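Note that the structure is a prediction, hence the values are computed from the model and not measured. Residue indices begin at 1 and follow the sequence shown.
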Amino acid sequence: QVQLVESGGGLVQAGGSLRLSCAASGSIFGIIAMGWYRQAPGKQRELVATVTSGGTANYVDSVRGRFVISPISRDNAKNTVYLQMNSLKSEDTAVYFCYLNDRGYTGTRIYWGQGTQVTVSS
């Protein structure tokens, strides 16, 4: 089993900052990438930011220049990634889900966190 635990969501005023964290542990075979999706009410889930095990980061256009995803760090059997969100806008309001793309013993698998709410007030 693989567990992803997220933290750092909350309520912030427009223009403010938040930092999300995601700690992954368990039977991870080999990390391909970790990152964050988000889903706003009535909208589809969208990929926000991702980082590969090699450190290559990618962002959706709407957050590029405002959000920064950290490299994947490993400490005490946990693999952790952070999402620093700056200059937040009301349209960033959503539930943010961490994901991990694992090579798996029998093929690639995607694992998800439980989600953390980010609310930006205008």
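Between the side chain of Arg66 and the main chain of Ser62, a donor-acceptor pair closer than 3.5 Å is present. Remark: side-chain polar atoms of Asp102 are paired, donor with acceptor, to backbone N or O of Gly30 under 3.5 angstrom. Counting only distance, with no hydrogens or angles, the side chain of Tyr111 and the backbone of Gln1 share no donor-acceptor pair below 3.5 Å. Gln84 contributes no side-chain N or O that, together with a main-chain N or O of Val68, makes up a donor-acceptor pair within less than 3.5 Å.
The minimum heavy-atom distance between Ser25 and Ala77, with the atom names listed, is CB-O, 3.9 Å. Closest approach of Cys98 and Val81 over heavy atoms only: SG-CG1, 4.4 Å. Shortest non-hydrogen contact noted between Ser87 and Ser17 is N-OG, 4.3 Å. Nearest approach of Ala49 to Tyr59, heavy atoms of both residues: CB-CD2, 3.6 Å.
Between Leu100 and Ile31 there is a side-chain heavy-atom pair separated by less than 4.5 Å. Residues Thr56 and Asn58 have side chains in contact (heavy-atom distance under 4.5 Å, counting atoms from C-beta outward). The side-chain heavy atoms of Thr80 and Ile72, taken from C-beta on, include no pair separated by under 4.5 Å. Considering only heavy atoms from C-beta on, Glu6 stays 4.5 Å or farther from Ser21 through its side chain.
When only modelled atom types and interatomic distance are considered, Tyr99 and Thr50 share a side-chain donor-acceptor pair under 3.5 Å. For the residue pair Thr93 / Thr119, no side-chain donor-acceptor distance below 3.5 Å is found, with atom types taken as modelled.
Cation-pi geometry between Arg103 and Phe29 is not satisfied (NZ or CZ under 6.0 Å from the ring centre, within 45° of the ring normal). Figure legend: cation-pi geometry between Arg19 and Trp36 absent, as NZ or CZ is not positioned both under 6.0 Å from the six-membered ring centre and within 45° of its axis. Judged by the 6.0 Å distance and 45° axis criteria, Arg38 is not positioned over the aromatic ring of Phe97.
Atom CD of Gln114 is separated from atom SG of Cys22 by 8.5 Å, given to the nearest 0.5 angstrom. Interatomic distance, Tyr82 OH to Ser73 OG, rounded to the nearest 0.5 Å: 5.5 Å. To the nearest 0.5 Å, the span separating CD1 on Ile28 from CZ on Arg109 amounts to 12.0 Å.
Cluster annotation: Leu88 is not connected to Leu11 through the hydrophobic network of ILVMFWY side chains, with a link wherever side-chain heavy atoms come within less than 4.5 Å. Cluster annotation: Trp112 and Val5 are assigned to distinct hydrophobic clusters (Ile/Leu/Val/Met/Phe/Trp/Tyr, side-chain heavy-atom contacts under 4.5 Å, transitive). Criterion: ILVMFWY side-chain heavy atoms under 4.5 Å apart, direct or through other members. Under it, Val2 and Met34 are part of a common hydrophobic cluster.
Checked for salt-bridge contact, Asp61 and Arg64 meet the test: a charged N lies under 4.0 Å from a carboxylate O.
Exactly one residue among Leu20, Leu18, Val60, Asp92 makes a side chain to side chain contact (heavy atoms under 4.5 Å, CB included) with Phe67. That residue is Asp92.
Outside the 6.0 Å centre-distance limit, the rings of Tyr37 and Tyr96 are not counted as a close aromatic pair.
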